[in-house]
Structures are given as structure tokens and as C-alpha cells.
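Reviewing the structure listed below.
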Amino acid sequence: MAKEEPGGKPPATLESAAPAAAAPAFVAPPGPARARFGLALSGGGARGLAHIGVLKVLEELRVPIDVIAGTSIGAVVGGLYASGMSPDEIAREMERVDWISLFDDRPPRPDLPYRRKQDDSSAFLDLELGLKSGRILLPRGLIAGQKIGFLFKSLTARAASIDDFDRLPIPFRAVAADLADGSMVVLSRGDLAEALRASMSLPGTLAPADIDGRHLVDGGLVRNLPVDVAWNMGADVVIAVDVTTPFDPVESLKTVADVTRQVADMLTQDNVTEQTLRADLLIRPDLGAVSASNFAAGAEALRRGEEATRAQAGVLSRYSLPPDEYEARLREVRGAPAAVPTRIDSVRIEGASRVDRRILEGRIRTRPGATLDLELLQADLSRLYGLGDFEKVDYRLSRTDGTDLLIHAEEKPWGPNYLRFGLTFVNDLEGDSDYGVRARYTRTRMDALGAEWRSDIKIGRNRSLFSEFHQPLDFSGAFFVAPSVSLFGQFVNLYDGDQRIAEYEPQGTTVALDAGAELDRYGEVRVGVVRGRVKAAAAVGTSSLPEFDIATGGLTGRVVIDRLDNPYFPAQGRYGLVDLFLSRRSLGADVSYDKMAGSFSQVFHRGRHRVYVALDGGTNLGTEVPFYDDFLVGGFGSLSGFKEGQLRGPLFGVARLGYYARSGGLSGRFGRGVYLGGWVEAGNAWATRSEARLDNLIYSGTVGAGVDTFLGPAYLVYGRSDDGHDAFYLSLGRTSFTGTNASVFRSY
């Protein structure tokens, strides 16, 4: 692959890493007297959807396009058009894309294995670091382009069998930059989808694309408007379309991000200005306030592209072909889309070394001998990606004697051991607060079955260390055993009515052994045995309060179902949890008793509006629960007018009805949304079953705001009960707007 030559002429050769013998063989001009027309399409993010409008009007004016060169979004639109898609087809496909989801590689949360759902509902930052040989490693981009890659594969399916871009209906080039030396790379061969993906790999946002051993990033860094590339393809006349983002006024640059973006635009603009002088005709749509990230304004960008091209109709009409000749040319270019193979003869997995093939094969539903179903294949790739081991999972079709489906699973370079950090903070604005720094270290793929060792530590007012070894018992991962150890030290307030009379500090250690089954994407069931010891004394309060030194031991059980689409601000789904603890002297406990608690929530949505119902409850199952193991009620999301733990008893119940709405968004660097809403609750904690009546329910109402931030969910809420109790809460990274993650019982 040759680098660009210095000087004012187009470079002599600008080819991708193809063998020297595979020199381009350009299609001959349709007629000996007609000039060859080239189209150069610039990058510009969402502004580049204006290219579709340009193409639409060029067809209306019957201007033939013989070669296309594109960068970034210009490569995407140009590559799809070169593959035989019409402007209207491209517009429809772009309209169908969920751009917010596209730039979030994670599969839909309901489709994740339950263990991976736990990772994103544990109050950690949305950033996974690697730990290898004592060094902390960062991912290569905010996203790897998993969904983007599959989208491009689907859109370019008609060109799946073409590995030389000169053999496309319209010869095409995509421009990228080599991350190793900053040189321009012009992609002329290979997989069209991979070339489009490489050309728009914005550094720091989208991980580099690996093609022929090179790490390629967005071509806008070296040639955002590839006029010279179009010349080099043999064009006699080049039409350039520039949708580059203009500079912002200096007074609007308020943040470091604003300044960084402006500097990047300056670097891009240098190579654009030089290229515009080499074009025969420049089309520069007036895109107004359409920003590079505002894909929701795609229809407006397309319209502006049409307007700008029609404004040049007087010049462009000189290039028009007669109607009959143009229609014949268009039929030749469109042709019949290449048939997607109807039968898969074999399915192979390549690239994975740390994950046993039997684990991967068990998650693939596409079978040899079956008809290729892109929707089923996407689900297969999503299941593999959801395991959490891969930076990217994509596919390609190989044709030898038959059609082979090759699934390429690219393992995370920063794996298989991971670090995550988080912050938690809750304050009632009256001096009572809980704060902490959290860290999680996870070692994965410790054996062929996929054993995983996860350790969590929290440092702050409340302290804890929890470490669990999760050992699957078969390659499906359905059954497991999980020994664990827990150490904790925390503060618990003790109230007499509205008066806080003491602050206890229980400290303890427990060891447990669980066995269970993962319910695939739905949840898990586990049973186990636990032993431990807890000591507690009053840290604040009268010296006459008793001290505790308690031996604990018993049987545990848990069933959890998690189908929420977001752990903190869900739009839809349900969550259910049942916990059982049977304290037994025969297992080392000082006291035998039983307790069971449960939580359920269901969320509905319409547009940006969400309504949910939730129920929390607990019972002593007719036994005498010791005072120190009562259920605690009160605080954020649990009769919010009361202080945390102000109500307690061996039985409790809380019903909740809530509403919240997305009222705005944030920059993707800082968070995903702002929400306003509130909920009403009815409930109480009781000492005996006879007291648990409707006539002694406490009613509470809460209003507040929540922000889905990079640091975790943040809330400011105010709760007030019908008997006059009220409280404010400022919270970061601890609970859910629906109350789903609120503590339903504590067991020491």
C-alpha cells in the first residue's frame, strides 16, 4: 500500500494492501466520447446524510457517476451507492437505524446472561479496565463498533462476494488513516463493510479497525475530502461534496471538550481546503445547526443536500445524459442485487483462544444446512458478545465448494482480568450520610468451563469485602457452585419513634457455599449454607445499650428474575426477587428462626413516559426473629419521608406506584439522560401479624430528579409522609428510580 506522494499532483498510486499483481482494472467508459465523472464525498458525521440528498438530485439531473471516493460518513453513503443501492433505499435504511443504540455496543440488557447483568447494576462506572502483569490497560475506544459492523455487513450483503472494489457496480474507494504512522490508506479491496467501518473509526470513540495487519482510523484525519483519490481513479471531472463541520465561534468554546473538538476540526480543515481547489465542482450544503452528532436531524440534512445540489443545476445539467442513455446506465449500475446465499454449508469460529469452543458453539443457533437468517445470526453474535470476553464479534461468508459462515470473535486485548471502580454517596441533607469508593476485580476464564473469581471492596463510612469463586459445572454454564467470603463493618441507626437513640457498628465475617442454576437471560436460582460471626456495639449513644457477639449459621435460598432494560432508569421490563434465610442452631447459629423477603416491579412506557408498580415485603414465617435481624424500612425508595431504618420489625410491606419521564439528554461523555418524576407509597413495618392491617398503613409521596451519569445514577428527591415526616436525599450510584434495588432485608 503506497503512501501519498508530496507535491501538488494526485499521488501516483493510492491502493490498499493488495498484492502488487492485483493492480486496479478500471471499468471502461460507457461511451468513447463521454467524460468519466468522479464523486468525492467528505466526512462530517450526521451532516453527511446530506450526501443522500446530493445523490438523489444528481439522478434527477441524469448526471452519471463513474467512480466514487469517500471518507467516514462519505464512505458509508458512497459505498452503499456504489454497491447498487438507490438514494431512496439508502435514506430508508438510515431512517431505520437507532443511532443512539448503534453507538452503544452492549446487547439489549434483557438479552445479557444474568451474571453480566449483575455487572451493570452494581454501582460501578461505565468503564472497564484491564489488569495484566501489574499494568492497568485501557480499551482502545469507547466502543468497539460491534453493532456498527453488523449494520454494515447487512447493508452490503449484495456485495458480499466482491473483494475488489473495482468490480462493484460503481468503482469505489474508502479513505482511512494508519494509526502507526499517520499515513493515508486508500482501501480498494477486501470486505466492503470492513472498509466502511475503518473509514469512520474516530479515534477515542470507535476502536481502530484491523485490516491486513494495520490499525486503521477515521480517514478525515488525513483526507476528509478525497478529491485527489477520485482523480487517481481515472475521473475526468470530479464533483466534491463538503459537509465538514465549520468552526464554532470562540465565545462558544466553554469546555475542554469544546476546545478539543475545535482543534480536531482545524486539523481536518487544512486538508479539506486544499482539496476543494482541485475539484471541478464543489457542493457545500448549508447545514445550519445540524451537528456532526445529531443523527436525529437526518431528514433535514438530506433536504439541505438536495437544495444545495439543485442550486448547481445550471452547471450540472451540462453533464446530463439523454434520458434513454441514462436509464440504460442506471439499470446497469443497479442491476439485480447479488443473491444472499440461501444455504450455509458449515459454521466455524475463529479468533477465540481463551474461551473454550464448546462454550461458544453452544450459544450459536445458526446451523449448517440451514438458510442464512441475518436476524438469527445477529442474535448469535449478540449472545457471544454478551459473554463479556470479546471486543468484537463479526462474521464473513467464504465460498469454496459451498458457503462457509466464519464467525470471528476478537478477544479483548485488555482481558481477561478486569478492574472497575465506582462511587456511592447518600445524604439526607441533615447530617446523615453514607459514602464510599468501590472497586471490583474479576478474573475470568480460569478454566475450560469458564470459572470466574470476583472480588468487591468498598472503603468509606461503611466498609466491606466480598469475594466469590463462581465455578460452572458444564459448558452451558447453567449449573454452578459458588463458595464465598464476606467481611463487613457498617453503621446502623437505632430509633425510638423520631428520636435517634444510638448508632450501632456491627462488624463481622461470613463464609458461604452456594449451588445454583442460571436461568439463561432471565435470572438465577441458588441455595446454600452460611456460617459467620457478628459483633456489634453502640458507636454513638448511651453506654447502657447492649453489646452483641452473635454466631450466625443457616440455610439460604434466592430466586431472582431480571428483565429490566436498564438497571436504574428502566423503560420496560420486570424484576422479581425472593430471598430466604433459615437460621439454625444445628448449623452454628445462636438462635433458630426463619425469614423471607421479596421484591417485585413492573415498568411500562409510552414514548418518554414511564409508569411502574413495585411491591416489597418480608415475613418472619411465624417464628421469633431476634431484634438485631429485623427488617428495616425508611430511606430513599422505601417510605422516603422517613430516615433510613427508622421503621423496623419482623414483618414489613411497601407498595409503590410511580411515574417518571425523560426530560433531556447529556453529552455522551457525561451521561445518557435527565429524568423527572415521583412516586406514592403505602406501607409499614410491624411487630406482629395482627398489627399488619390496612388501617395502620403509612402513606408517603416523593418527587425528584434523576440523572443517568457516567459516574452512576444521581438523584435529588424529597419525600413526605401523611403523618408529617419528611426528608431530602441526595444520592449517587446506589439505587434505582423505581426502588427495585432498595434493600429489602439485611441479615447479619
Side-chain angles (χ1 to χ4, degrees), residues 45-46 49 91-112 117 120-121 126 143 147-148 151 288-303 375 378-379 382 521 561-576 600-615 637 640 655-681 701-710 712-718 731 735-741:
L49 298 180
R92 283 195 298 271
E93 293 295 344
M94 295 298 103
E95 188 176 353
R96 291 191 188 109
V97 174
D98 181 349
W99 293 98
I100 295 176
S101 172
L102 189 68
F103 288 96
D104 181 353
D105 277 335
R106 294 171 297 185
R109 188 174 182 274
D111 294 338
L112 288 175
K117 289 178 184 176
D120 75 350
S121 58
D126 192 14
I143 63 172
K147 293 181 181 177
I148 292 173
L151 173 68
V290 178
S291 69
S293 60
N294 187 13
F295 284 92
E300 175 66 12
L302 191 152
R303 185 179 66 81
E375 187 173 335
Q378 183 173 23
S382 183
R521 301 166 294 163
I561 301 295
D562 185 352
R563 298 293 291 162
L564 295 175
D565 64 347
N566 183 295
Y568 304 118
F569 299 94
Q572 60 185 343
R574 67 189 60 87
Y575 179 91
F600 172 80
S601 66
Q602 175 75 54
V603 186
F604 309 91
H605 82 288
R606 185 178 181 87
R608 65 187 184 91
H609 304 281
R610 291 94 189 266
V611 175
Y612 64 90
V613 293
L615 297 170
S640 303
R656 187 178 307 108
L657 173 65
Y659 162 84
Y660 61 102
R662 184 184 175 102
S663 63
L666 294 173
S667 165
R669 296 179 180 87
F670 304 106
R672 288 180 280 270
V674 178
Y675 301 84
L676 299 175
W679 58 88
V680 292
E681 297 170 288
T702 307
V703 295
V707 185
D708 193 0
T709 76
F710 173 75
Y715 309 91
L716 177 62
V717 303
Y718 171 74
S731 171
T735 190
S736 164
F737 218 133
T738 66
T740 297
N741 294 338

Practice item. Taking the side chain as every heavy atom from C-beta outward, state whether Asp126 and Arg106 have any pair of such atoms under 4.5 Å apart. Key: yes
Output for pair (Leu615 CG, Gln602 CD), nearest 0.5 Å, gives 11.0 Å
Residue set satisfying side-chain hydrogen bond (donor to acceptor under 3.5 Å, both in side chains) with Glu93, at least two apart, ordered chain then number -> Arg96
What one should report as the nearest heavy-atom pair of Gly658 and Trp679 is CA-CB, 3.7 Å
Those residues at least two apart in sequence (or on a different chain) that pass side chain to side chain contact (heavy atoms under 4.5 Å, CB included) with Asp565 are Pro110, Pro570, Ala571, Gln572
Across all chains, not counting sequence neighbours, the side-chain hydrogen bond (donor to acceptor under 3.5 Å, both in side chains) partners of Asn294 are none
(Q) Assess the residue pair Asp708 and Asn566 against the criterion (side-chain contact (heavy atoms from CB on, under 4.5 Å)); give the C-alpha distance rounded to whole Å, side-chain angles, the decisive distance to 0.1 Å, and a yes or no. (A) CA-CA 10 Å; Asp708 193 0; Asn566 183 295; 3.9 Å; yes
Do any N or O atoms from the side chain of Glu681 and from the backbone of Ser640 form a donor-acceptor pair under 3.5 angstrom?
yes
Applying salt bridge (charged side-chain N to carboxylate O under 4.0 Å, His left out) to Asp111 and not counting sequence neighbours gives Arg521
Across all chains, not counting sequence neighbours, the side chain to side chain contact (heavy atoms under 4.5 Å, CB included) partners of Leu716 are Leu730
Open item on the list: Between Val717 and Val703, does the side-chain contact (heavy atoms from CB on, under 4.5 Å) criterion hold? Intermediate values first, please.
Closed with: CA-CA 6 Å; Val717 303; Val703 295; over 6 Å; no
Next on the checklist: Checking Lys147 against Phe103 for the side-chain contact (heavy atoms from CB on, under 4.5 Å) test, could you report, in this order, the C-alpha distance in whole Å, the side-chain angles of both residues, the deciding distance, and whether it holds?
Outcome noted: CA-CA 7 Å; Lys147 293 181 181 177; Phe103 288 96; over 6 Å; no
The ring-ring contact (aromatic ring centres under 6.0 Å, His included) partners of Phe600 (sequence neighbours excluded) come to none
Closest heavy-atom pair, Leu49 versus Phe295, reported as atoms and distance to 0.1 Å, is CD1-CD2, 4.2 Å
Across all chains, not counting sequence neighbours, the salt bridge (charged side-chain N to carboxylate O under 4.0 Å, His left out) partners of Arg303 are Glu300, Glu307
Hits for side-chain hydrogen bond (donor to acceptor under 3.5 Å, both in side chains) against Arg109, two or more places apart or cross-chain, chain-then-number order -> Asp120, Asp562
- Is there a side-chain contact (heavy atoms from CB on, under 4.5 Å) between Val603 and Arg563 once you walk through the steps? CA-CA 10 Å; Val603 186; Arg563 298 293 291 162; over 6 Å; no
Output for pair (Leu112 CG, Ser382 OG), nearest 0.5 Å, gives 7.5 Å
Between Leu564 and Tyr575 the two heavy atoms that sit nearest each other are CD1-CB, 3.9 Å
Applying side chain to side chain contact (heavy atoms under 4.5 Å, CB included) to Ala379 and not counting sequence neighbours gives Arg383
Non-hydrogen side-chain atoms of Tyr612 and Ser601 separated by less than 4.5 Å | no
Heavy atoms of Val290 and Ala301 approach each other most closely as CG1-CB, 4.3 Å
Contacts of Ala292 meeting side chain to side chain contact (heavy atoms under 4.5 Å, CB included) (sequence neighbours excluded), chain-then-number -> Thr245
Between Tyr675 and Ser663, the two heavy atoms sitting closest are N-OG, 4.2 Å
Hits for side-chain hydrogen bond (donor to acceptor under 3.5 Å, both in side chains) against His609, two or more places apart or cross-chain, chain-then-number order -> Tyr659
